[in-house]
Amino acid sequence: MTDAIAWDPLHRELDRWQAAGRVARFWLRDDDAVEPTQALETLMALAGENDVPLTLAVIPGLTGEALAVRLAEETSVAVAVHGWSHTNHAGPQGKKQELGGERPADVVLGELGEGFRLLQRLHPARFLPVLVPPWNRIDAALIPALPALGFAALSVYGRAKQDGPMPLLNTHVDIIDWHGTRGGRGEAELVAELVAELADRFAGSDEPVGVLTHHLVHDVAAWDFLSALFAVTTRHPAVCWSSASELLEHIA
């Protein structure tokens with residue numbers, strides 16, 4: 001269950017945007033899609049019922065025709081490239097990373113190129129030339145080579161730097177408590193993060209607020225939060241949920 005009082009700060013912030021005649025842009029990215037599952041069905045149904053465009057970060061090396069067939073008619077779902085196989089190549093003391101400097105750059109870039117072409121073939125009408133690095137980490141030395149592979153943007157976590165080597169379409173609020181329950185985080189904490197991101201945009205940034213989900217690990221708290229978020233934002237005149245393709249045109 002959700003706590004209506006916990007959402008009051010977001011209501012007030014959005015009312016401030018409305019009073020100023022402004023509209024806040026949100027977008028939704030969900031990571032680790034591989035195949036059709038009940039959790040994916042729940043996510044797509046929830047997003048669809050609320051007219052929220054969904055970007056699925058699909059793991060190329062683990063996916064196949066089954067997901068392609070399921071998504072073929074989902075006009076509000078886009079597919080981005082989630083690394084290659086979501087394999088951690090970092091050392092035992094390092095943070096998890098697939099796209100790091102532990103392997104030769106040509107090997108890593110070769111996998112990314114193969115993943116790009118595979119998903120482009122499997123999802124011709126849904127494909128988005130955006131790289132979502134597993135664990136939101138990529139060796140900076142690899143980034144300048146991404147456009148030659150066909151990538152138009154990179155999507156990681158945190159507020160985008162304005163002077164990077166390629167456009168960024170980032171996420172900013174992760175609903176999962178990865179270091180604790182590994183389920184949904186508390187409403188009050190997440191609402192506070194959303195309000196902080198919106199306050200930053202109100203002060204001048206035009207970066208869309210990216211909400212990050214992982215359907216395969218959602219518990220009741222995660223689903224409840226997402227449902228409440230959609231209920232609050234999609235009914236408010238100061239909010240626009242944008243598709244990643246629309247945003248890509250804006251930042252490219």
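What you see is a predicted model; the values in this text were computed from it and never measured. Residues: numbered from 1 along the sequence shown.
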Gly100 backbone acceptor or donor facing Arg137 side chain under 3.5 Å: no
For the residue pair Glu114 and Pro60, establish whether any side-chain heavy-atom pair is separated by less than 4.5 Å. no
Gap separating the NE2 atom of His215 from the CG atom of Asp32, nearest 0.5 angstrom: 7.5 Å
Sub-4.5 Å side-chain heavy-atom contact between Leu146 and Leu112: yes
Closest non-hydrogen atom pair between Gly83 and Pro134, with its separation: CA-CD, 3.6 Å
So, does Asn50 use its side chain to make a donor-acceptor pair with the main chain of Leu46 at under 3.5 Å? yes
Give the intermediate values and the outcome of side chain to side chain contact (heavy atoms under 4.5 Å, CB included) for residues Leu28 and Asp30. CA-CA 7 Å; Leu28 177 64; Asp30 182 90; 5.6 Å; no
Going by heavy atoms in the side chains, are Leu43 and Leu226 under 4.5 Å from each other? yes
Are the side chains of Leu194 and Phe26 in touch, meaning some heavy atoms are under 4.5 Å apart? yes
State plainly whether one hydrophobic cluster holds both Ile143 and Leu109, where clusters connect Ile, Leu, Val, Met, Phe, Trp and Tyr through side-chain heavy atoms under 4.5 angstrom apart. yes
State whether a side-chain donor-acceptor pair under 3.5 Å links Ser155 with Arg29. yes
Within 45° of the ring axis of Phe225 and under 6.0 Å from its six-membered ring centre, is that where the NZ or CZ of Arg185 lies? no
May I ask whether Ile251 and Tyr157 are part of the same hydrophobic cluster, defined by side-chain heavy atoms of I, L, V, M, F, W, Y residues being less than 4.5 angstrom apart, directly or through others? no
According to ring pair (Phe, Tyr, Trp, His ring centres under 6.0 Å), who are the partners of Phe116, at least two apart in sequence or on a separate chain? Phe127, Phe151
Are Val239 and Trp17 packed together at the side-chain level, in the sense that at least one heavy-atom pair is separated by less than 4.5 angstrom? no
To the nearest 0.5 Å, how far apart are CZ in Arg103 and OG1 in Thr87? 7.5 Å
Nearest heavy-atom approach of Pro36 to Ala66 is CG-O, 3.6 Å
Go through the structure and list residues passing side chain to side chain donor-acceptor pair (under 3.5 Å) with Glu41, not counting sequence neighbours. Arg70
Can you find a heavy atom in the side chain of Leu229 that is under 4.5 Å from one in the side chain of Ile175? no
Could you give me the CA-CA distance, side-chain angles and deciding distance for His172 and Glu193, then say whether side chain to side chain contact (heavy atoms under 4.5 Å, CB included) is met? CA-CA 8 Å; His172 311 89; Glu193 286 189 11; over 6 Å; no
Residues Ile138, Leu131; criterion side chain to side chain contact (heavy atoms under 4.5 Å, CB included); working and verdict: CA-CA 10 Å; Ile138 182 171; Leu131 174 62; 3.9 Å; yes
Is it the case that the side chain of Asp177 and the backbone of Gly184 share a donor-acceptor pair, with hydrogens and angles ignored and the cut-off at 3.5 Å? no
State whether a side-chain donor-acceptor pair under 3.5 Å links Thr55 with Trp27. no
Does Glu207 reach the side chain of Arg201, with side-chain heavy atoms less than 4.5 Å apart? yes
Using the rule that two of Ile, Leu, Val, Met, Phe, Trp, Tyr join whenever any of their side-chain heavy atoms come within less than 4.5 Å, decide whether Leu168 and Val209 are in one cluster. yes
Ring pair (Phe, Tyr, Trp, His ring centres under 6.0 Å) partners of His123, counting only residues at least two apart: none
How close do Asp219 and Gly183 get, counting heavy atoms only, and between which atoms? OD2-CA, 3.3 Å
If you measure from the Lys or Arg side-chain nitrogens to the Asp or Glu carboxylate oxygens, is any gap between Glu246 and Arg25 under 4.0 Å? no
Taking atom types as modelled, find out whether Trp135 and Glu98 have a side-chain donor-acceptor pair closer than 3.5 angstrom. no
What is the minimum heavy-atom distance between Leu248 and Ala153, and which atoms define it? CD1-CB, 3.4 Å
Minimum heavy-atom distance Val191-Ala6, with the two atoms named: CG1-O, 3.4 Å
Identify whether the distance between the nearest side-chain nitrogen and carboxylate oxygen of Glu65 and Arg121 falls below 4.0 Å. yes
Would you compute the distance between atom CG of Leu54 and atom CZ of Arg126 and round it to the nearest 0.5 angstrom? 11.5 Å
How far does NE2 of His82 sit from CG of Leu56, to the nearest 0.5 angstrom? 11.0 Å
Going by heavy atoms in the side chains, are Ser76 and Asp51 under 4.5 Å from each other? no
Sidechain-backbone polar pair: Asn170 side chain, Gly158 backbone, donor-acceptor under 3.5 Å: yes
Minimum heavy-atom separation for Trp241 and Pro53, please, with both atom names. O-CD, 3.7 Å
Could you give the distance from CD (Glu13) to NE2 (His236), rounded to the nearest 0.5 Å? 10.0 Å
Would Asp31 and His86 count as a side chain to side chain contact (heavy atoms under 4.5 Å, CB included) if you check the C-alpha gap in whole Å, the side-chain angles of each, and the deciding distance to 0.1 Å? CA-CA 11 Å; Asp31 288 2; His86 214 300; over 6 Å; no
Are Ile59 and Met44 connected, step by step, through hydrophobic side chains (Ile, Leu, Val, Met, Phe, Trp, Tyr) whose heavy atoms are closer than 4.5 Å? no
Quick check for you: to the nearest 0.5 Å, what is the distance between Ile176 atom CD1 and Arg182 atom CZ? 9.0 Å
Connected via hydrophobic side-chain network under 4.5 Å: Leu198 and Leu212: no
